Protein chains: 2
Amino acid sequence: MEEGAAREGLSSEGIAAQLRVRILEGAYSLGQRLIEMDLAEEFGVGRGRVREAFRMLTGEGYLEFVANRGVLVRCYTRAELIEMGRVREVLEGLAAKLAAEAELSGEMRQELEALQERMNVAEAAGDYPSFGAENRAYHALIERLAGNKFASAYIDRVRIPLIRVQMPPADVAESIGRSNRDHRVITAAILNGAPEAAEAAMRAHVRAGNEHVARLPEAVFSAS
Amino acid sequence: MEEGAAREGLSSEGIAAQLRVRILEGAYSLGQRLIEMDLAEEFGVGRGRVREAFRMLTGEGYLEFVANRGVLVRCYTRAELIEMGRVREVLEGLAAKLAAEAELSGEMRQELEALQERMNVAEAAGDYPSFGAENRAYHALIERLAGNKFASAYIDRVRIPLIRVQMPPADVAESIGRSNRDHRVITAAILNGAPEAAEAAMRAHVRAGNEHVARLPEAVFSAS
DNA sequence: CAGATCAGGATTGTTGACAATCCACCCGAG
DNA sequence: CTCGGGTGGATTGTCAACAATCCTGATCTG
């Protein structure tokens, strides 16, 4: 008897995990209201469990609680996005620094090199979706190499408003090029064990991304 | 009819706020288990409200959830303390940087100067409790000057394990001296509008504190 | 005496029902 | 036609009761 479904249905944590994935995948539109009873029926549990999941996701920044109104998918304003961007800058910078400080195993070094190579391929092919996926994996890998769970947790949170941001197709190629040029610098600094350089490069990289996002049209931020 | 107590008793948020204060003030010992029903009776509400407050405080890092066992006052290990210290370093550094970037009103500049002066007085008097209080106010003021609510929120969270740490009386005087020397550098950088200098000084300041804390005996971390 | 086994009590996990609240719609007056 | 007020339905806020779970300590056994 390992663990898990002590009773039937998912636990509050399980429901929270499901909803987190849904929000990340865009199953709900920004600002959409979530009805306790609907989800309770869908998951086959009582409203209480759904409510607790809501409270967790509110604390993480995925949902917004409105008194007597319930929860909605949290929608960040441009100003908040910029504030979060500043935080992301230093936190991802820290992750890169810690990764460069860590004594990486050969396996981890290979993984980093392989990921960099896959990004290079995607860049050469001009394959934006693929590059985007590898880019996310790259940042996630650096978080893992850094080995600081608090940094990881907060980075995830300040990244939430970015999950739906789409690059305007016009400047995709240039954007990929600049982004991957940064990546190569960061990768080299981490592999060479240069914490300061890694941090500086990552900060500049994130900052460039933030400045790009901050200039996007208003429609990106408001509902659906 | 402004708002507030729609029914009798505190809301979940109100209970969470109360408990947060209690934990910060040390009303509960580290690792202490909190009983839902006891608090429900004390606040004159049902268990559900207390439960929701627990979930919020768990997300913030004040409590720890154990399945079928309830919550305990979260107790961080030395390793976690060090991890959080690294995060605090960059976040407080960011706050100092943002404060130096901001266009401060005359009133705010005066407030900062007054606080620095009060710390100087406490230092000269060798008044450790007073210096500790002013020190907390100082860091809080810088957060306010920075005007980034996400940075503030995360700084508060990574500070949680520090709330009970007591400086060994032996090196109090030296500790105050070094700490306040750092403060003067930071204050000057903020008032002069030197973001890079402010960030670097704050980082060094926090790092020095972290290294000091990391060397404290094990008793500080485990349960009271 | 040490260790395993097994009640009993205490506490959490969960639900369904009820009251309070809010919103959208409708209606009537100007 | 527009605006203010009221009304009904939908949804959240809350609780009290019940089931599941875990820990404590007493009992039994080798």
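Chain letters run A, B, ... following the sequence lines, proteins first, then strands; residues in each count from 1. Quantities reported herein were computed from a predicted structural model and do not represent experimental measurements. Heavy-atom basis, side chains included; hydrogens, waters and symmetry copies ignored.
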* Asked: Of the residues in residues 51-66 of chain B, which ones touch DNA chain D at a heavy-atom distance under 4.0 Å?
  -> none
Nearest of [options] to any side-chain atom of [X]?
X       : options                : result
B:Arg47 : D:dT11, C:dT14, D:dC15 : C:dT14
B:Ser12 : C:dT14, D:dT11, D:dT14 : D:dT14
B:Asn68 : D:dC22, D:dG13, D:dC15 : D:dC22
B:Glu36 : D:dG13, C:dT15, C:dG13 : C:dG13

* Take A:Arg144 and A:Glu111 through the test side-chain contact (heavy atoms from CB on, under 4.5 Å) and record every step on the way to the result. => CA-CA 11 Å; A:Arg144 223 175 71 227; A:Glu111 202 173 339; 3.2 Å; yes
Can you tell me how far [atom2] of [N] sits from [atom1] of [X], to the nearest Å?
X       : N      : atom1 : atom2 : value
A:Leu39 : C:dT15 : CG    : P     : 14 Å
A:Gln32 : D:dT11 : CD    : P     : 13 Å
A:Glu41 : D:dA10 : CD    : P     : 13 Å
A:Leu10 : C:dG13 : CG    : C1'   : 15 Å
B:Met37 : C:dG13 : CE    : P     : 13 Å

* Structure fact -> Residue pair A:Ala67/A:Gly46 against DNA chain C: nearer the 5' end by closest nucleotide is A:Gly46
* Asked: Between A:Val45 and B:Arg33, which is nearer to the 5' end of DNA chain C once each is assigned its nearest nucleotide?
  -> B:Arg33
* Close side-chain approach of B:Met202 to B:Arg207, heavy-atom, < 4.5 Å -> no
* Do B:Met84 and B:Pro161 touch side chain to side chain, with heavy atoms closer than 4.5 Å? -> yes
* Look at all strands and tell whether B:Gly70 reaches a base, only sugar-phosphate, or nothing, counting heavy atoms closer than 4.0 Å. => sugar-phosphate
* To do: State whether A:Arg86 and A:Glu211 are salt-bridged, where the test is any N-O pair (Lys NZ or Arg NE/NH1/NH2 against Asp/Glu carboxylate O) under 4.0 Å.
  => no
* Asked: Less than 4.0 Å between a side-chain N and a carboxylate O, is that true for B:Lys97 and B:Glu92?
  -> no
* Side chain B:Arg69 and base C:dG13 donor-acceptor under 3.5 Å -> no
* Think B:Arg49 has a side-chain N or O under 4.0 angstrom from the OP1 or OP2 of D:dT14? -> yes
* Could you walk me through whether B:Tyr138 and B:Thr187 pass side-chain hydrogen bond (donor to acceptor under 3.5 Å, both in side chains), step by step? => CA-CA 10 Å; B:Tyr138 179 72; B:Thr187 301; 2.7 Å; yes
* **Residue pairs involving residues 59-72 of chain B (criterion salt bridge (charged side-chain N to carboxylate O under 4.0 Å, His left out); sequence neighbours excluded)** => B:Arg20-B:Glu60
